Every structure is written in C-alpha cells, then in structure tokens.
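Input: a single structure, listed below in structure tokens.
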Amino acid sequence: DIALETSLGCSWRNLKEINIGPEVNHIERFLETSGYEKAYHGVFHWLQSINVSPENPYYTSIDGVLYNKDVTKLLHFPHCLRLEHYVMPDTVKEIKEIISPDEGPFQNRKILKSVKLSDSLTSLPLQAFAGAESLEYVDLGKGIKEIKEFESLCTESLKIVRFYDNLHLDVKALHTS
C-alpha cells in the first residue's frame with residue numbers, strides 16, 4: 001500500500017496542485033486526516049487542481065476534479081479550481097466531499113458560474129452551493145428526487161435553477177428560505 005500522509009507541523013498554505021502517481025491507493029486517508037479545519041483555514045484553501053496519473057488503478061481526475069477510478073463518485077472539487085462551467089460526468093452517482101465533509105462540494109467556490117449535475121446523481125449534499133458568489137446557473141439533473149435544504153441553492157448571483165418533473169421540494173424549506 002502506498003498512501004499520501006499528512007505530517008504534524010507541515011504547512012501547505014500555498015499548495016495549488018496535488019499530483020497523484022500510479023502507486024497511490026489511499027488518498028482519502030490523507031485528505032480526511034488533514035481535517036475540515038485545516039482545509040478551511042488554509043491548507044487546501046488555495047488548491048486549484050488534483051491530477052492523477054492515468055496508470056493509477058484507484059483514482060482519476062478530469063479537469064482537476066478528483067473522482068474514484070470508475071467516475072461514479074466525486075471525491076473533491078478543488079476550492080480554487082479555475083473552471084467557470086462544470087458539467088458532472090453522467091456516471092457520477094455520489095458526491096463524497098473528503099477534504100471538507102461539513103462543506104458542500106461547490107460551497108464558497110468563487111469562480112464557478114454554472115453547474116450541470118449528473119442525471120445519475122440522486123441526492124445533493126447539504127450546503128452544496130452555499131456562498132458560491134459567482135454561481136448563476138444550476139441544472140439539478142434528472143436523478144435528484146428531493147431537496148431538503150433549499151437555502152443551499154439560494155445565492156445572490158443565482159439566476160436559473162433547472163428542475164425536472166420528478167423533483168419534490170420540501171415546501172417548509174422553500175418558505176423558510
């Protein structure tokens with residue numbers, strides 16, 4: 001097993017890119033042990049890209065976004081990714097935010113203007129888009145059946161949210177937003 005590990009006293013405040021070689025098979029442990037507080041307070045705050053060797057049998061990256069190898073799970077959308085329009089691959093069924101588990105995958109992303117979610121995705125993490133100040137358009141995809149926390153879609157810049165017939169909105173959440 002080859003894993004990326006964090007070490008005490010390591011300061012990665014200016015880390016902009018992570019390159020994952022073909023032998024690495026435990027990136028989650030590295031990212032999870034870095035912890036939400038470190039990620040939010042600077043260790044991964046400036047991260048622009050995660051790149052994975054094509055020979056890695058466990059992970060892949062597309063346009064700097066980290067996924068599991070078969071691209072069914074989004075593992076991390078870097079905080080400062082230089083991407084204005086994100087189209088989630090249709091194979092993605094789950095979002096597991098491994099760097100900041102208490103933060104939504106697109107939360108506080110300053111550059112992102114539009115997001116098209118996968119039709120295979122069935123649930124949206126809490127706080128998915130909160131604080132995404134540049135976000136103007138969200139296509140929820142046909143797989144999302146329910147939104148329990150409507151306020152995570154409420155940003156000042158948001159102009160269009162595309163819903164589909166199969167979506168159930170929690171009316172209480174809608175009225176409290």
Side-chain angles (χ1 to χ4, degrees), residues 1-4 17-32 34 36 39 44 47-130 132 134-150 152-153 155 158 160-169:
D1 284 1
I2 295 181
L4 293 177
E17 182 176 271
I18 294 175
N19 294 304
I20 300 170
E23 307 85 16
V24 175
N25 59 3
H26 291 302
I27 185 78
E28 284 106 331
R29 188 176 353 157
F30 164 73
L31 296 173
E32 286 173 345
S34 298
Y36 169 72
F44 293 111
L47 189 61
Q48 294 175 3
S49 179
I50 298 176
N51 307 302
V52 180
S53 167
E55 291 83 34
N56 187 298
Y58 304 100
Y59 303 100
T60 194
S61 61
I62 301 171
D63 296 326
V65 179
L66 181 65
Y67 303 91
N68 64 342
K69 188 62 175 185
D70 58 357
V71 193
T72 57
K73 191 181 295 183
L74 185 154
L75 298 176
H76 186 63
F77 191 95
H79 198 86
C80 289
L81 182 67
R82 301 257 175 234
L83 189 66
E84 290 185 357
H85 308 284
Y86 172 66
V87 177
M88 182 180 282
D90 258 347
T91 54
V92 174
K93 297 177 182 179
E94 179 184 355
I95 296 173
K96 180 183 182 196
E97 186 57 59
I98 57 176
I99 287 184
S100 304
D102 297 329
E103 182 177 319
F106 310 107
Q107 183 176 353
N108 297 318
R109 297 331 189 242
K110 308 295 185 213
I111 298 169
L112 196 60
K113 289 185 178 179
S114 70
V115 172
K116 160 64 174 99
L117 297 177
S118 163
D119 288 340
S120 301
L121 190 67
T122 57
S123 66
L124 197 58
L126 297 176
Q127 298 294 319
F129 302 102
S134 299
L135 191 63
E136 298 175 356
Y137 174 82
V138 174
D139 182 325
L140 292 173
K142 295 176 183 172
I144 301 290
K145 307 269 190 267
E146 183 175 17
I147 295 179
K148 295 179 181 174
E149 189 183 68
F150 191 77
S152 75
L153 282 172
T155 66
L158 195 60
I160 300 170
V161 178
R162 183 169 183 196
F163 297 96
Y164 292 87
D165 291 340
N166 58 336
L167 179 68
H168 168 74
L169 288 176

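We're numbering straight along the sequence, starting at 1. We use all heavy atoms of the structure for the numbers below, so side chains are in, but hydrogens, waters and symmetry mates are not. The structure displayed is predicted, hence computed values, not measured ones.
Contact check for L121 versus L74: no side-chain heavy atoms found under the 4.5 Å cut-off. Under the 4.5 Å side-chain criterion, counting only non-hydrogen atoms from C-beta, I111 is not in contact with L83. Two residues are said to be in side-chain contact when any heavy atoms from C-beta on lie closer than 4.5 Å; E17 and Q48 fail this criterion. Side-chain contact between L66 and I18 is absent, with no heavy-atom pair separated by less than 4.5 Å.
Qualifying side-chain hydrogen bond (donor to acceptor under 3.5 Å, both in side chains) partners for T60, counting only residues two or more places apart in sequence or in other chains: none. Taking Y137 as the reference, S114, D139, I160, R162 meet the side chain to side chain contact (heavy atoms under 4.5 Å, CB included) condition, with sequence neighbours excluded. Among residues two or more places apart in sequence or in another chain, the side chain to side chain contact (heavy atoms under 4.5 Å, CB included) test is passed with T122 by none. Remark: E136 pairs with K159 by the side chain to side chain contact (heavy atoms under 4.5 Å, CB included) rule, at least two apart or across chains. Residues forming a ring pair (Phe, Tyr, Trp, His ring centres under 6.0 Å) with Y86 (at least two apart in sequence, or on another chain): F77, F106. Take D63 and apply the side-chain hydrogen bond (donor to acceptor under 3.5 Å, both in side chains) test, not counting sequence neighbours, and it matches no residue. Contacts of S120 classified as side-chain hydrogen bond (donor to acceptor under 3.5 Å, both in side chains), with partners at least two apart in sequence or in another chain: none. With sequence neighbours left out, the side-chain hydrogen bond (donor to acceptor under 3.5 Å, both in side chains) criterion links S118 to no other residue. With sequence neighbours excluded, the residues satisfying side chain to side chain contact (heavy atoms under 4.5 Å, CB included) with S53 are P22, E55.
Judged by distance alone, the side chain of N51 and the main-chain N or O of N19 form no donor-acceptor pair under 3.5 Å.
Across every non-hydrogen atom of H76 and V65, the tightest pair is O-CG1, 3.4 Å. Contact record, N56 with G21: ND2-O, 2.8 Å, taken as the closest heavy-atom pair. Closest approach of G64 and S49 over heavy atoms only: CA-OG, 3.6 Å.
Here the NZ atom belonging to K73 is positioned 12.0 Å from the CD1 atom belonging to I95, to the nearest 0.5 angstrom. Atom CG of N25 sits about 13.0 Å away from atom NZ of K69, to the nearest 0.5 Å. The distance from atom OH of Y58 to atom CG of N68, rounded to the nearest 0.5 Å, is 13.0 Å. For the atom pair K145 NZ and L140 CG, the distance stands at 12.0 Å (nearest 0.5 Å). Put simply, NZ on K110 and SG on C80 are 9.0 Å apart, with the number rounded to the nearest 0.5 Å. Interatomic distance, CG of L124 versus CG of L117, reported as 6.0 Å (0.5 Å rounding).
Within the structure, every pair that satisfies the salt bridge (charged side-chain N to carboxylate O under 4.0 Å, His left out) test and touches residues 115-127, not counting sequence neighbours, is listed here: K116-D119.
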